[in-house]
Amino acid sequence: MLDVQLFRNDLDFVIAGLKKRNFAFNPENYSELEARRKAVQTKTQELQSERNSSSKAIGQAKAKGEDVQPLLDKVANLGDELKAAETELSEIQAELDALMSGIPNLLDVSVPEGKDEDDNVEISRWGDLPKFDFEVKDHVDLGTARNLLDFELGAKITGSRFVVLNGQLARLQRALIQFMLDTHSCENGYQETYVPYLVNADSLRGTGQLPKFAADLFKASENPDYYLIPTAEVPVTNIVRDMIVDAKDLPLKFVCHSPCFRSEAGAYGRDVRGMIRQHQFEKVEIVQIVKPEDSVQAHEDLTAHAEMILQKLNLPYRKMLLCAGDTGFSSSKTYDLEVWLPGQNAYREISSCSNFRDFQARRLQARWRNPEMGKPELVHTLNGSGLAAGRTLIAVMENYQDADGRIHIPEVLLPYMGGLKVIE
RNA sequence: GGAGAGUUGGCUGAGUGGUCGAAAGCGCACGCCUGGAAAGUGUGUGUACGGCAACGUACCGAGGGUUCGAAUCCCUCACUCUCCGCCA
């Protein structure tokens, strides 16, 4: 949610900002609604004021034992009029809320113009691409050949875009998760946390998935309305919803492993092969809650923390700055990390690290008390995948394969694999 | 799942129909006191919206209702605690 004051004080700035995103915003429609809001609110408040003073007068007259009937007659019609005004006001406000909560975050000045992922800007590359003196296989061939991956079984148990991992490959995914959690909590200063995987609608509104992206979510129950989390970002960031955090407790840094559930109704036909795009996948998420002045640096740090995992696994990757058209709804600036997949001969997204500035915090009412003015102010929120474990598993399979289709275990994972060096 | 008790400001906690946005205390801010500090003491201290301002309006878990008037009465819901049942 953007700041309503910004809309009132500098509408042109907002219009320009949304134009960069190519977001269709109708300022006339907004201004007309806002003008109505103001008029009806003023009228409502005048009526309320009248009611309050009349009621007070009746109370005082009664206390003195005077006849209150004339006063009662005077306010006889006020009730209906007030009720009508209040109803109209709440309708206008609901309309404004709906409009405002559908408007995306403004982009950071450093975000490049652009339409889609083709316009993203490469910032850096790390690692040497592995050279193979044999025909490389992708993770599907590697996995199914040894019955480590079973897509048909996933389809039988549930449906398409679900998979079963067997034996040492399932263990390898668990090892990756453990390794990521340990690295972030022990070396990068994040607090490990375990959270609910079902969340309510308020939490999803807080981080921006609702009301706009309901189609991407699996709804688990009606009344109460619970949803499966699309990412641990939702429950973890909502830790600070409706909170005023002490200045001394900032920054808050959380790391959390969770399964993620995505319906992505619009994504059918993309990445149909393999486990690139599944309805259920494992991810380790890192989240930071920081003072506003610290968020730019925190974004760089958080991205570096995600990169550290790839480096320790010795997986080649590149860091992309997303262009205006590819940056997510709630984000002001996003770096994607793309890992090298020999089986696809391409870099593929494995982490997305975003600075939301106060966009989520405003929806969440997540604040801190700034000692300089003693007033509560919105915090800034950031998060990133550190990393998507399912895709990391694919990357390890494809980068660490040998001519016999075996998968070698990266050195940092050996302690988590009970000494196993190769998956035969 | 059943029965009972609760939910008030940053925190604790009073308040059962009218000068209650809400006592008191804690915390915090500023001042006095002090060589400095502690203690003591004085003043101030919620959020949001409208207004240049004075000020007005809303908010006492959420949503409805009764009333000229609701933190206070009624209804629905959520959550917390205690006891019983069931359960990994």
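Between C68(B) and G15(B), the distance separating the two P atoms is 29 Å to the nearest Å. Here, U76(B) and U66(B) have their C1' atoms 15 Å apart, quoted to the whole Å. Separating the C1' atom of C59(B) from that of U8(B) is a span of 12 Å, rounded to the nearest Å. Taking atom P on both nucleotides, A22(B) is separated from U57(B) by 12 Å, rounded to a whole Å. On the C1' atoms, G10(B) is 16 Å away from G44(B), given to the nearest whole Å. G51(B) and A5(B) have their P atoms separated by 47 Å, given to the nearest Å. Between A24(B) and G18(B), the two C1' atoms lie 23 Å apart (nearest whole Å). Across A62(B) and C79(B), the matching C1' atoms stand 10 Å from one another, rounded to whole Å.
Between Lys115(A) and Asp119(A), no side-chain nitrogen of the basic residue sits less than 4.0 Å from a carboxylate oxygen of the acidic one, so the salt-bridge criterion is not met. Taking 4.0 Å as the cut-off between side-chain N and carboxylate O, Glu338(A) and Arg348(A) do not count as a salt-bridged pair. With respect to the salt-bridge test (charged N to carboxylate O, under 4.0 angstrom), the residues Asp202(A) and Arg205(A) qualify. Under a 4.0 Å N-O distance rule, the pair Glu285(A)/Lys283(A) qualifies as a salt bridge. Salt bridge Lys319(A)/Asp336(A): absent, no basic N to carboxylate O contact under 4.0 Å. Ionic pairing of Glu34(A) and Arg37(A) is present here: one or more N-O contacts between side-chain nitrogen and carboxylate oxygen are shorter than 4.0 angstrom. Comment: Asp326(A) does not engage Arg21(A) in a salt bridge, judged by the lack of any side-chain N to carboxylate O separation of less than 4.0 angstrom.
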Return a table of donor-acceptor pairs under 3.5 angstrom between the side chains of residues 242-249 of chain A and protein atoms on other chains or two or more places apart.
| from | atom 1 | to | atom 2 | distance (Å) |
| --- | --- | --- | --- | --- |
| Asp246(A) | OD2 | Lys248(A) | NZ | 3.2 |

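Between the CG atom of Asp67(A) and the P atom of C68(B) there is a distance of 15 Å, rounded to whole Å. Taking atom CZ of Arg51(A) as the reference point, atom P of U57(B) lies 9 Å away to the nearest angstrom. Going from atom CG of Asp97(A) over to atom P of C49(B) covers 13 Å, rounded to whole Å. Across the protein-nucleic acid pair, Asp242(A) atom CG and G9(B) atom C1' stand 15 Å apart, rounded to whole Å. When rounded to the nearest whole Å, the span between CD1 of Ile244(A) and P of G27(B) equals 19 Å. Between Asp246(A) atom CG and A29(B) atom P the separation is 12 Å, expressed in whole Å. The separation between Glu222(A) atom CD and C77(B) atom P is 18 Å, rounded to whole Å. A straight line from NZ of Lys248(A) to C1' of C28(B) spans 12 Å, rounded to a whole angstrom.
Within residues 42-50 of chain A, the residues that place at least one heavy atom under 4.0 Å from RNA chain B are, in residue-number order, Gln45(A), Gln48(A), Ser49(A).
Qualifying salt bridge (charged side-chain N to carboxylate O under 4.0 Å, His left out) partners for Glu411(A), counting only residues two or more places apart in sequence or in other chains: none. By the side-chain contact (heavy atoms from CB on, under 4.5 Å) test, Asp97(A) pairs with no residue at all, sequence neighbours left out. Every residue two or more places apart in sequence or in another chain that forms a side-chain contact (heavy atoms from CB on, under 4.5 Å) with Gln45(A) is listed here: Gln41(A), Gln48(A). Every residue two or more places apart in sequence or in another chain was checked for a side-chain contact (heavy atoms from CB on, under 4.5 Å) with Asn22(A), and none qualifies. Not counting sequence neighbours, the partners of Phe359(A) by the ring-ring contact (aromatic ring centres under 6.0 Å, His included) test are Phe329(A).
Mapping Gly79(A) and Gln93(A) onto RNA chain B by nearest heavy atom places Gln93(A) closer to the 5' end of the strand.
Under 3.5 Å, the side chains of Ser49(A) and Asn52(A) contain no donor-acceptor pair of N or O atoms.
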What protein N or O atoms touch nucleotides 51-55 of chain B N or O atoms at under 3.5 angstrom, if any, and at what distances?
| from | atom 1 | to | atom 2 | distance (Å) |
| --- | --- | --- | --- | --- |
| G51(B) | OP1 | Lys38(A) | NZ | 2.6 |

Tabulated below should be each protein N or O lying under 3.5 Å from an N or O of nucleotides 17-22 of chain B; please produce it.
| from | atom 1 | to | atom 2 | distance (Å) |
| --- | --- | --- | --- | --- |
| G18(B) | O6 | Lys62(A) | NZ | 3.2 |
| G18(B) | N2 | Ser55(A) | O | 2.7 |

Tabulate protein N/O versus nucleotide N/O from nucleotides 45-48 of chain B, keeping only pairs under 3.5 Å, one per line.
| from | atom 1 | to | atom 2 | distance (Å) |
| --- | --- | --- | --- | --- |
| U47(B) | OP2 | Lys375(A) | NZ | 3.1 |

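A sub-4.0 Å separation between OP1 or OP2 of A58(B) and a side-chain N or O of Asn52(A) is present.
Using cut-offs of 30° and 60° on the angle between ring planes, the pair Tyr30(A) and Phe25(A) is tilted.
Looking at heavy atoms from C-beta onward, Trp368(A) lies out of side-chain contact with Val290(A) at the 4.5 angstrom threshold.
For residues 181-196 of chain A, the pairs satisfying side-chain hydrogen bond (donor to acceptor under 3.5 Å, both in side chains) are Asp182(A)-Tyr416(A), His184(A)-Asn188(A), Glu187(A)-Lys312(A), Tyr190(A)-Gln288(A), Tyr190(A)-His305(A), with sequence neighbours left out.
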- Item | Bracket string, RNA chain B, 5' to 3' - pairs by Watson-Crick or G-U geometry under 3.5 Å, | interstrand | ((((((((.[[[..)..(.....]]]((((((.......))))))(((((....))))).[[[[[..)....]]]]])))))))....

